[in-house]
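Starting from 1, each residue takes its place in the sequence as its number.
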Amino acid sequence: MITGIGVDICSVERMKKVLSKPHSQNFKKKVFCESEIEYCKKMGDNPVHFAARWAIKEAFYKALPYEIQDISGWRSIEYINFEQARPFIRITDEKLSKALHSLGISKIHCSVSHEKEYCVAQVVLEKL
């Protein structure tokens, strides 16, 4: 049974502007997990990869049941790319993981797509 759906879109140009500011390192450390930052560095620090991760984090938050939204933070999840496989969301916060488990949410589906100007992400939470 589906328990939550979230969708978000992020402008690549907007992310590019944020990343060009002097405090962008602080922004990256506040929002993204180390492995996400490393992946984006490996991809040439292209803003499209940061925008995709921003969109997935926003979509995930929107999919969460209201009663546990305050548990989730930017670094509570990690967006992982596996070569030739679907994108994957890993819960990095134990408190959030336990809250999801207590609500019976055991499956997270996600999809991300990007074009020149925008990244869009969708997250579906499911009880099995």
Side-chain angles (χ1 to χ4, degrees):
M1 171 175 41
I2 293 174
T3 60
I5 298 173
V7 176
D8 194 67
I9 187 168
C10 181
S11 162
V12 174
E13 185 60 32
R14 179 175 167 232
M15 185 58 67
K16 184 177 181 179
K17 286 178 184 176
V18 169
L19 295 173
S20 69
K21 293 186 178 184
H23 65 277
S24 68
Q25 284 304 109
N26 293 337
F27 167 77
K28 287 178 190 177
K29 288 180 180 178
K30 178 182 176 184
V31 174
F32 304 106
C33 297
E34 282 301 316
S35 62
E36 292 173 315
I37 295 169
E38 287 303 313
Y39 177 85
C40 292
K41 278 184 186 177
K42 186 174 83 174
M43 301 305 286
D45 268 343
N46 189 330
V48 73
H49 299 289
F50 286 105
R53 279 148 186 79
W54 176 275
I56 201 85
K57 289 169 185 282
E58 284 283 321
F60 177 81
Y61 179 81
K62 292 173 183 177
L64 285 175
Y66 177 76
E67 63 267 25
I68 64 170
Q69 283 183 341
D70 63 336
I71 295 172
S72 182
W74 290 113
R75 294 170 49 105
S76 295
I77 65 166
E78 175 184 18
Y79 169 53
I80 300 171
N81 285 78
F82 293 113
E83 289 185 33
Q84 305 299 326
R86 288 192 244 179
F88 177 76
I89 292 176
R90 184 174 73 86
I91 306 298
T92 59
D93 182 276
E94 192 170 327
K95 188 174 180 182
L96 177 60
S97 181
K98 287 179 180 178
L100 289 168
H101 182 72
S102 73
L103 293 173
I105 298 169
S106 55
K107 192 120 173 132
I108 302 170
H109 305 275
C110 66
S111 183
V112 178
S113 186
H114 42 80
E115 217 4 88
K116 294 176 188 173
E117 298 177 29
Y118 297 98
C119 292
V120 65
Q122 180 175 27
V123 172
V124 176
L125 303 179
E126 182 181 9
K127 284 184 184 181
L128 294 180

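We find the SG-NZ distance between C33 and K57 to be 4.5 Å, quoted to the nearest 0.5 Å. Atom CE of M1 and atom CD1 of I105 lie 9.5 Å apart (nearest 0.5 Å). Atoms CD1 and CZ, from I108 and R90 in turn, are 11.5 Å apart once rounded to the nearest 0.5 Å. K16 contributes atom NZ, which lies 15.5 Å from atom CZ of R14 (distance to the nearest 0.5 angstrom). Rounding to the nearest 0.5 angstrom, the gap separating the OH atom in Y79 from the OH atom in Y39 is 7.0 Å. Note that NE2 of H101 is 12.0 Å distant from CD of E94, once rounded to the nearest 0.5 Å.
Both I56 and I71 belong to a common hydrophobic cluster when Ile, Leu, Val, Met, Phe, Trp and Tyr are linked at side-chain heavy-atom distances under 4.5 angstrom. Cluster membership check: I37 shares its hydrophobic cluster with W74, using side-chain heavy-atom separations under 4.5 Å among Ile, Leu, Val, Met, Phe, Trp and Tyr. Taken together through direct or relayed side-chain contacts under 4.5 Å among Ile, Leu, Val, Met, Phe, Trp and Tyr, V31 and F50 form part of one hydrophobic cluster. No path of Ile, Leu, Val, Met, Phe, Trp and Tyr side chains, each step under 4.5 Å between heavy atoms, connects W54 with I77, placing them in separate hydrophobic clusters. Under the 4.5 Å side-chain heavy-atom criterion for grouping Ile, Leu, Val, Met, Phe, Trp and Tyr, I68 is connected to L125 within one hydrophobic cluster.
Without hydrogens or angle criteria, S106 side chain to K127 main chain gives no donor-acceptor distance under 3.5 Å. Of the possible polar contacts, one joining the Q69 side chain to the Y61 backbone as a donor-acceptor pair under 3.5 Å is found. Side chain of R75 to backbone of D93: no donor-acceptor contact under 3.5 angstrom is found. A donor-acceptor contact shorter than 3.5 Å is absent between the side chain of T3 and the backbone of P65.
Of all heavy-atom pairs between P47 and L19, the closest is CA-CD1, 4.0 Å. When all heavy atoms of A51 and M15 are compared, the pair lying nearest together is N-CG, 3.9 Å. The minimum heavy-atom distance between F60 and I91, with the atom names listed, is CZ-CD1, 3.8 Å. Between S111 and P87, the shortest heavy-atom distance links the atoms CA-CG, 4.3 Å. Taking all atoms of both residues into account, the shortest heavy-atom contact from G6 to A63 is N-CB, 3.5 Å. Minimum interatomic distance between C40 and R53 (heavy atoms only, all atoms of both residues): SG-CD, 3.8 Å.
When side chains are defined from C-beta on, L64 counts as touching L100, because their heavy atoms get closer than 4.5 Å. Here the side chains of F32 and H49 are not in contact, with every heavy-atom distance at 4.5 Å or above. E117 is not listed as a side-chain neighbour of V12, based on a closest heavy-atom distance of 4.5 Å or more. The shortest distance between side-chain heavy atoms of V7 and K62 does not fall below 4.5 Å. Counting heavy atoms from C-beta on, the side chains of S11 and Y118 come closer than 4.5 Å. Taking the side chain as every heavy atom from C-beta outward, K41 and K28 never approach each other to under 4.5 Å. In this structure, L103 and E67 have side chains that are in contact, with non-hydrogen atoms separated by less than 4.5 Å.
Using a 4.0 Å cut-off between a side-chain N of Lys or Arg and a carboxylate O of Asp or Glu, E38 and K42 do not qualify as a salt bridge.
The 12-atom threshold is exceeded at CD1 of I9, counting heavy atoms of other residues, nucleotides or ligands nearer than 6.0 Å.
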